[in-house]
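Only a predicted model underlies this, so the values are computations on that prediction, with no experimental measurement involved. Just so you know, these numbers use all the heavy atoms, side chains as well, and skip hydrogens, waters and symmetry mates. Proteins get letters first, then strands, A, B, ... in listed order; numbering begins at 1 in each.
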Number of protein chains: 2
Amino acid sequence: MWLRPPREPRQTLSLGRIVAEAVALLDEEGVARLTMRRLAERLGTGSTTLYWHVKTKDDVLDLALDAVFGEVPLPDAGGDWRERVREVIGGWRAALLRHPWSATILDRPLMGPHALDHTEALYAALAAAGLEGPRLKAAAYSLANFVMGSVIMQVTAEGHGDAAAFLRERAARYPLLARHGLDCDWDAAFADGLGFLLTGMRDGGGTGAPT
Amino acid sequence: MWLRPPREPRQTLSLGRIVAEAVALLDEEGVARLTMRRLAERLGTGSTTLYWHVKTKDDVLDLALDAVFGEVPLPDAGGDWRERVREVIGGWRAALLRHPWSATILDRPLMGPHALDHTEALYAALAAAGLEGPRLKAAAYSLANFVMGSVIMQVTAEGHGDAAAFLRERAARYPLLARHGLDCDWDAAFADGLGFLLTGMRDGGGTGAPT
DNA sequence: CGATTAACTAGACCAACGATCCGGTTCCAG
DNA sequence: CTGGAACCGGATCGTTGGTCTAGTTAATCG
């Protein structure tokens, strides 16, 4: 009785605290080391407790991924539509690259509120440019897929750094790959690719091309 | 002695058999159900035996993924460069979609012999169009990333089929998304996006634009 | 005020996993 | 004949995601 600690303040473990700590843990140690036990330990509680707030571990990952999307600011309307698209897509890329683990868990539906908000913003920016119908859909589709693929490939390449040497050794068999696959300026390549898409959807065939 | 089975023929477990069986198992049951034990069982052996041929489970996945790339035929030279690029990229997409599990393990270096062969072929097709230097690199970069992102997004969407209904319920908050996110003609959207990229790298600024 | 209920916490436990240890067997080169 | 490399598997280790059961706190309602 008298040895009892002087009334611990209630932890008030909340979904928000769990997600924030999960993101921190993922940032520091990567996706492979995120376990319910370790996460609970960092939160000063037991692993079982987490399952009151969350149904499975996948829920934690879903929430963490959406939290990453929540970091990127929504673009303000107005201005050149191309600039707005660059803003949205570039914001996604920056946020995902800031948390490299997120690129490795992109194989799940992006249905969190933040992800949906930003996807809607992308559609809005494209619709403001005059796109509509299947052409609008194709534009959003290709932009979103391009940025996802870019982030995954960059994170993968940077995470396994010996790829350059590996390619150099096989320059005889893969000459073009060895010449251009190294010395990566990721940002420039990304900007160029985005430029291809934007001018392509301006000049491409079909109806409803933006100005 | 007398109870001994009449001389089982040597299993001759080889890397090829392991990879083939792994692909079959992945096709039938998905990536989550690929375990070394189950794979060994299907091969009529013990799980330990696999570790003689393979260092870790990741090796199996690496090999299986490269086997998928091995399915797509290399394009023959000649003809319109745009058609050849469509052939390469479309081949990747078809093979990856034929094995949906492959899209979820794309977050690893694509350094298998088949993957490298096809990447080199992509560079060759673009170089034949007159591209070179950073512009060639940006073209290959954007095409590869576009197709990877497309496959991942499509597989993800098709694997969790209730997304459409989910969006319909939230049509008030995400009007554009609800209107265009459903009724997906994936092939058409992909072809359109690929068209954007191809015309973009023809008409885009800079030097060395192909004809 | 007392009782019920929802929110919250934890220890013990389960089946399954990747991986390893150790011991055994087959086969071929020297 | 022999030694070593290739090949095989039972038992086992430590860890994981998840559940069962049981306990405690805080707010609500009659």
**DNA chain C contacts among residues 29-39 of chain B, heavy-atom distance under 4.0 Å** = Leu34(B), Thr35(B), Met36(B), Arg37(B)
**Request:** Applying salt bridge (Lys or Arg N to Asp or Glu O under 4.0 Å), name anything that partners Arg168(B), two or more places apart in sequence or on another chain.
**Result:** none
**Request:** Could you pull out all residues at least two apart from Arg170(B) that satisfy salt bridge (Lys or Arg N to Asp or Glu O under 4.0 Å)?
**Result:** none
**Request:** Round to a whole Å and report the spacing from CG of Asp59(A) to P of dG17(D).
**Result:** 13 Å
**Request:** Calculate the interatomic distance between Lys57(B) atom NZ and dG18(C) atom C1'; express it in whole Å.
**Result:** 8 Å
**Request:** Please report, rounded to the nearest Å, how far the P atom of dG18(D) is from the CH2 atom of Trp52(A).
**Result:** 18 Å
**Asked** Taking NZ, NE, NH1 and NH2 as the nitrogens, is one of them in Glu87(A) or Arg84(A) under 4.0 Å from a carboxylate oxygen of the other?
**Response** no
**Fill in**
From NZ of Lys55(B) across to P of dG18(C) the rounded distance in Å is 16 Å
**Request:** May I ask you to say what Ser47(B) touches in the nucleic acid, namely base, sugar-phosphate or nothing, with a heavy-atom cut-off under 4.0 Å?
**Result:** nothing
**Complete:** Ranking dC8(D), dT9(C), dG10(D) by distance to the side chain of Thr49(B), first place goes to dC8(D)
**Item:** Salt bridge flag under 4.0 Å for residues Glu28(B) and Arg42(B)
**Value:** yes
Mind listing the side-chain donor-acceptor pairs of residues 187-197 of chain A below 3.5 Å, one per line with the distance, residues two or more places apart or on another chain?
unit_1: Asp187(A); atom_1: OD1; unit_2: Arg93(A); atom_2: NH1; d: 3.2
unit_1: Asp187(A); atom_1: OD1; unit_2: Arg93(A); atom_2: NH2; d: 3.0

**Thr48(A) side-chain proximity, nearest of dC20(D), dT9(C), dC8(D)** = dC20(D)
**Item:** Nearest listed nucleotide, side chain of Tyr51(A), among dC21(C), dC8(C), dG17(D)
**Value:** dG17(D)
**Item:** side-chain N/O His53(B) vs dC8(D) OP1/OP2, d < 4.0 Å
**Value:** yes
**Pairs touching residues 63-72 of chain A that satisfy salt bridge (Lys or Arg N to Asp or Glu O under 4.0 Å), sequence neighbours left out** = Glu71(A)-Arg98(A)
**Asked** Under the side-chain hydrogen bond (donor to acceptor under 3.5 Å, both in side chains) test, which residues partner Asp107(A), sequence neighbours left out?
**Response** none
**Glu41(A) CD - dT15(D) P separation (whole Å)** = 12 Å
**Asked** How close or far is atom P of dC8(C) from atom CG of Leu43(A), stated in whole angstroms?
**Response** 14 Å
